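Below: one structure, written as structure tokens.
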Amino acid sequence: MLKRTTAALHRLPERTRFVVSIALYGLVASLVAVAFQVAISKVYWASFTYPLAVAPRLFPWISLAIITTVSIFSGWLLTRFCPEAAGSGIPQLKLAFWKDFGHTPARVGWVKFVASALSIGGGQSLGREGPSVQLGGNVASTLAGLLGVAKQNKRAAAAAGAAAGLAAAFNAPLAAVAFVLEEILEDLNSRLLGPVLLASVIGALTVHAWLGAQPAFDLPRIDEPTWRAYVLMPFSAGLAALAGVAFQRGALALRARSRTWRRVPAMWRPLLAGWVTWALGMAVYAHTGHLGVFGLGYDDLSVALTAGLLWKLAVALLLAKLLATIACYGLGGSGGVFSPSLFFGGMCGIAVAGFSNQFTALNESDRVLLAVGGMSACLGGVVQAPVTAVLIIFEMTHQFALVPGLMIATLVSQLVARRCNRENFYEAILIQDGHEMAHVVPPRDLRSWQNLPISAIAHFQPVIITSLEEAMLIPVLEKTPYQRFPVASAGTLEGILVRAAFEQAQKEKRGVALLPAVTARPSQTIRECQVLLIESTCGLIVITDTDHGHPLAVVTLHDLLRAQAAISEREG
């Protein structure tokens, strides 16, 4: 079947083949996203809904056993097969898009699907939308490889798959387009707009066909909100943005701290998160009868939007969900932050509306506007993608009367979030993992890129030869695939060793000659260094702290050409 499909595609004209391929990527990615959504629902029903209905007295212990089991299994999957499948998956996909041309290993897909479906459906406080983006990008990238697309040409497939996955997850095609352009491509004028838009439409049609055309949240049909709601909106949006800031800082701090734990291996950390979630969730359930701390929390959020909640209950759900999500993400769980962010923001809006109603009369339209404004503000504050934040709530609710309030909420959230956090949540994750953003996402034009320091494309932690004695040199060469190595003795750069020259010297039983090293300082621009690199006899320059000091990094001609190709592709 695959061979026949590939053969049929290659018989088509190039432009037609590209469009058909994008449609295939969108279809497959959206089908996987729909299957993922159904899997989470089935697991949650078996873990919480059914046990609560048939054995309410045993429910706390059944839920504890389930969340313990799925947390252990998820931790084992992630550590044993694919650690990069932890978290939301969006930072990992963004990294793969820019550094590996959109290519991701196939194992990321199945590990992400199983670990996230079990974790979220089994009660961990995480979201399905981020994993849907990574799953869509991974499946589309894998399919592109099976169809004969070269690794360096998979960016269109990854972007299309990501858009289709998010469109299917949220039933929001316009928001999916905006998010992929804003967050992954970081360019609303990208040449990939067409493929992303086509795949997103296919994702929306697919979820409509399988799950129906209903919005993600049911809202009462609201009239025009009163002026009171617009006056209170900055307070609701500001509180929601601060909740997002608290989540980002808490999750990042716990994530960094947990990596230093030696007594708790990575496999067991999701279990700790599961127990924290269970304790918080059961405490809230015992006092209120609400299960919103577990899983997506969409049931309680829908109740809050349609019928309303007491403001004290909204605050309790907000605090418990916030702590549980910080624990789940910070301790290495597999799931996203979209759903929790919407929950935080919604509860902030409900709390502001309920508290304010004691002093001024608010109608149902005012309450709903404050709640969805909080949702937009918190999501926009976490991901710092304002266009996506407005569109995603509008498409999820299908009510135009909310748009002016959403715009106010998003504006306030951006002011608060960008003042508190320099980077959005996904960029902060990449930086915490040691990825410089200048290395990950290239500038939008060649001139700006050439004015960056050479360190932006350099490979730090190079393999450095410290001795030319065969007993010490041969093991180093056997462990690494590189062809050229800086040679340094006593902290001083001596030259460049070429593998082929060393092997030839071994055959002839003579000493190996080193090539002269071309050096540069970390602050020199790419424009200055590319001439040195092209003219060097070995196609490599060494970044040093002084003219001939200790090597800090290396840059090869391949690094230069790959980065320049990414810039050219982005400009095109």
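All values derive from a computational prediction rather than experimental measurement. Quick note: numbers below take in every heavy atom, side chains included, and nothing from hydrogens, waters or symmetry partners.
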Taking N424 for the side chain and E427 for the main chain, is one N or O donor matched with an acceptor at less than 3.5 Å? yes
With heavy-atom distances below 4.5 Å as the criterion, would you say the side chains of V476 and V463 are in contact? yes
Rounded to the nearest 0.5 Å, the CD atom of Q483 sits from the CZ atom of R499 at a distance of 5.0 Å
Quick note, salt bridge (Lys or Arg N to Asp or Glu O under 4.0 Å) partners involving residues 74-85, not counting sequence neighbours, are E84-R107
Determine whether L468 and I465 satisfy the following criterion, side-chain contact (heavy atoms from CB on, under 4.5 Å), listing intermediate values before the conclusion. CA-CA 7 Å; L468 295 178; I465 302 297; 4.2 Å; yes
Begin with the C-alpha distance, continue with both residues' side-chain angles, and end with the deciding distance and a verdict on ring-ring contact (aromatic ring centres under 6.0 Å, His included) for F73 and W76. CA-CA 5 Å; F73 187 66; W76 175 76; 5.8 Å; yes
Pair Q134-S88, side-chain donor/acceptor within less than 3.5 Å: no
Would you check if F36 and S116 make a side-chain contact, meaning some heavy-atom pair closer than 4.5 Å? yes
Of all pairs that satisfy salt bridge (Lys or Arg N to Asp or Glu O under 4.0 Å), the ones with a partner from residues 242-259, not counting sequence neighbours: R255-D433, R259-D433
H103 and K154: side-chain hydrogen bond (donor to acceptor under 3.5 Å, both in side chains), yes or no, with the steps? CA-CA 6 Å; H103 171 76; K154 289 185 177 181; 3.0 Å; yes
Value for CD1 (I464) from CG (L497), rounded to nearest 0.5 Å, stands at 13.0 Å
Which pair of non-hydrogen atoms, one from S334 and one from A85, has the smallest distance, and what is that distance? OG-O, 3.2 Å
Pair F338 and F179, ring centroids less than 6.0 Å apart: yes
For residues F97 and A158, report the shortest heavy-atom separation together with the two atoms involved. CD1-CB, 4.3 Å
Among S74, S119, S71, whose side chain to side chain donor-acceptor pair (under 3.5 Å) with Q124 holds? S71
Of all heavy-atom pairs linking T410 and S376, the shortest is OG1-OG, 3.1 Å
Taking atom OG1 of T142 and atom OH of Y25, what is their separation to the nearest 0.5 Å? 11.0 Å
Just so I know, are the side chains of T388 and E183 near enough to count as touching, which here means a heavy-atom distance under 4.5 Å? no
Whether T492 side chain and A488 backbone form a donor-acceptor pair below 3.5 Å: no
Might you confirm whether atom CD of E508 has over 12 heavy atoms from other residues, nucleotides or ligands at distances under 6.0 Å? yes
Side chains of residues 264-275: which donor-acceptor partners sit under 3.5 Å, not counting sequence neighbours?
from, atom 1, to, atom 2, distance (Å)
R269, NE, V264, O, 3.0
R269, NH1, S258, O, 3.3
R269, NH2, S258, O, 3.2
R269, NH2, W261, O, 3.1
R269, NH2, V264, O, 3.0
W275, NE1, T68, OG1, 2.9

